[in-house]
> 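The structure under discussion is supplied below as C-alpha cells; questions concerning it will follow.
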Amino acid sequence: MKTSAVTKSPTQSRARRSRVPAAPRRREWRFFLPLTAVIEGLRPDGTEFRVKAKLDNISSGGAYFLISPDVTVGSKCKLLIELPKSATGGRKIQLQVGGKAIRLEGTGAQSSKKGVAVRFGRDFAFLPVGK
Amino acid sequence: MNKKKAPQTESPAIHLLVYCPSDLILSGILKALETDPDIEVVAIEKATIESFMDSIRKLLPHVILFASTESLPNIREICKAIREISKDQIKSQMLLLGNIPSHEEIVSLINVGARGYFDLNDPSGQLPEAVRVIHRGEIWLPRDKMSSIMDRIISVVGRDMKEKTLDQLTPTEFQVLKLIGQGKSNDEIADILFISKNTVRSHIKSIYAKLDTHSRLQLALYAINSALF
C-alpha cells in the first residue's frame, strides 16, 4: 500500500532533526492521586484567576490537571492542594506549591478545559487550613 | 453511520466500531481496512463520546478503534468506562490510534484497559493486523516504540517493587514518613517520636535510599498515596 500521501507530524520531523537522544523526562515516580486543588494564577491579559480542579497526577517535579482559564505556557501559578484527612491524622492541611505551566493539551471541541502540566518550583509548604 | 458488508468467509468477521471525529483520519482508517475480508466495520461514530458509548452498549463490537485528540486524562476515563461496559458482556478490546509522544502515557492507557496503541505515523497497511492481534486478546504496540515501552514497563515494575519497600521501612521510618506527609518539620518529628533531630535525619536518609528519591515532597506524596490506597 502506498503511504506517500501521509504527511509527517511535526513531532516526527523534530525527532528526525534531533541527533541527540532525549534524556529521560522524569525521574520521580508519579502518583495518580485525584486530589482537590485550588489553582491560582494570571491569565495572559494580566487578570487573576482562582479555580478548583482535581489533579490527574502529581510528583515532586510537577502535576497535571484540567482547568478552563486561558493559561499559556510559561504562566506562573500556585497550587493549594487539599490533603486527604486519612493522611493528615484528621487535620485539614493544604500543600502549597508554586510552578510554571510547561505544556498545554486541548480536550476536544466539546470541552473548554485544557490539560495543564505544571513544573513545580523548589519551595513548598504545608499549611493548616482554618486557623 | 457507515457500514461495510462482511464478505462470506469461513471464520466470523471481526466486528469493529470506529470512533473518529476527524474526516481526514477516518478516510485513512477506512482505506487501510477496506481490502481486509476479516474485518467488518459495524459502525462509525463521529459525534459525541456519549453516542459512542451507546453504540458500544448496543453493538457489543469485538474491537473498538478509538482515534481521538481528547486529552490523556479523558482517554484514560474513556478506557475505564469501556472496560466497565464490556466487563459483563462480550469483551470489547480497545485499540487507540493517535499521536501520543510519551511511552509512559501509552503504558498508563494500557494499564487502564486499552489493548493496544497504533501510532498515526505507523504504516497504514499494518492497521488490519493490529485489529486482528487485539481481537485475539494480545497487545499491539508500534514496533519502533516497543523497546522503549519495555524499558518503561521494566522501570515501572522496578518502581512498584520499590513501592513495596514501603512495607520494608522500619516501623519508626514509616512513622517518620507519615509525619512528613503531614508536613511536619524534623524538629516536630523529633518531639513527637521522642528521638533526637540527628536520629530523625538518619531515618530520613534511610527512607530516601529505600524509596530511591531525594525530595522531601516526594516522600510526602509516598505517605499520602499509602494513606489513600
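Values in this document were obtained by computation on a predicted structure and should not be read as measured data. Within every chain, numbering begins at 1; the chains are lettered A, B, ... in the order of the sequence lines, protein sequences first and strands thereafter.
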> Any chance NZ of B:Lys178 has more than 12 other-residue heavy atoms, nucleotides or ligands included, within less than 6.0 Å?
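Open: at most 12 neighbouring heavy atoms sit under 6.0 Å from NZ of B:Lys178.
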> With a 4.5 angstrom heavy-atom cut-off, is it the side chain or the backbone of B:Arg216 that approaches chain A, or both, or neither?
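Contact with chain A involves both backbone and side-chain atoms of B:Arg216.
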> What's the shortest heavy-atom distance between B:Gln182 and A:Thr88, and which atoms?
CG-CA, 3.5 Å
> Do other residues, nucleotides or ligands put more than 12 heavy atoms under 6.0 Å from the CZ atom of A:Arg50?
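12 or below, so no.
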> Heavy-atom distance under 4.5 Å to chain A: side chain of B:Ile180, backbone, both or neither?
backbone
> How would you list all residue pairs meeting ring pair (Phe, Tyr, Trp, His ring centres under 6.0 Å) that involve residues 65-85 of chain B, not counting sequence neighbours?
B:Tyr19-B:Phe66, B:Phe52-B:Phe66
> Given a strict heavy-atom distance threshold of 4.5 Å, which part of A:Ile58 is in contact with chain B: side chain, backbone, both, or neither?
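Its backbone and side chain both get close to chain B.
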> Check step by step if side chain to side chain contact (heavy atoms under 4.5 Å, CB included) holds for B:Arg76 and A:Asp56.
CA-CA 10 Å; B:Arg76 207 175 290 132; A:Asp56 182 68; 2.6 Å; yes
> Measuring heavy-atom distances to chain B, does A:Phe120 have an atom under 4.5 Å in its side chain, in its backbone, in both, or in neither?
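Side chain of A:Phe120 only, per the 4.5 Å heavy-atom cut-off to chain B.
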> Check residues 123-130 of chain A and write down every donor-acceptor pair under 3.5 Å in which the side-chain atom is one partner and the other belongs to a residue at least two apart or another chain.
none

> Starting from the C-alpha separation in whole Å, work towards a yes-or-no answer on side chain to side chain contact (heavy atoms under 4.5 Å, CB included) for A:Phe32 and B:Asn225.
CA-CA 9 Å; A:Phe32 290 88; B:Asn225 189 56; over 6 Å; no
> How long is the straight-line distance from CG of A:Leu33 back to CD1 of B:Ile224, given to the nearest 0.5 Å?
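Output value for this atom pair is 7.0 Å.
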> CG/B:Leu217 to OG/A:Ser59 distance, rounded to the nearest 0.5 angstrom?
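If I round to the nearest 0.5 Å, the distance is 8.0 Å.
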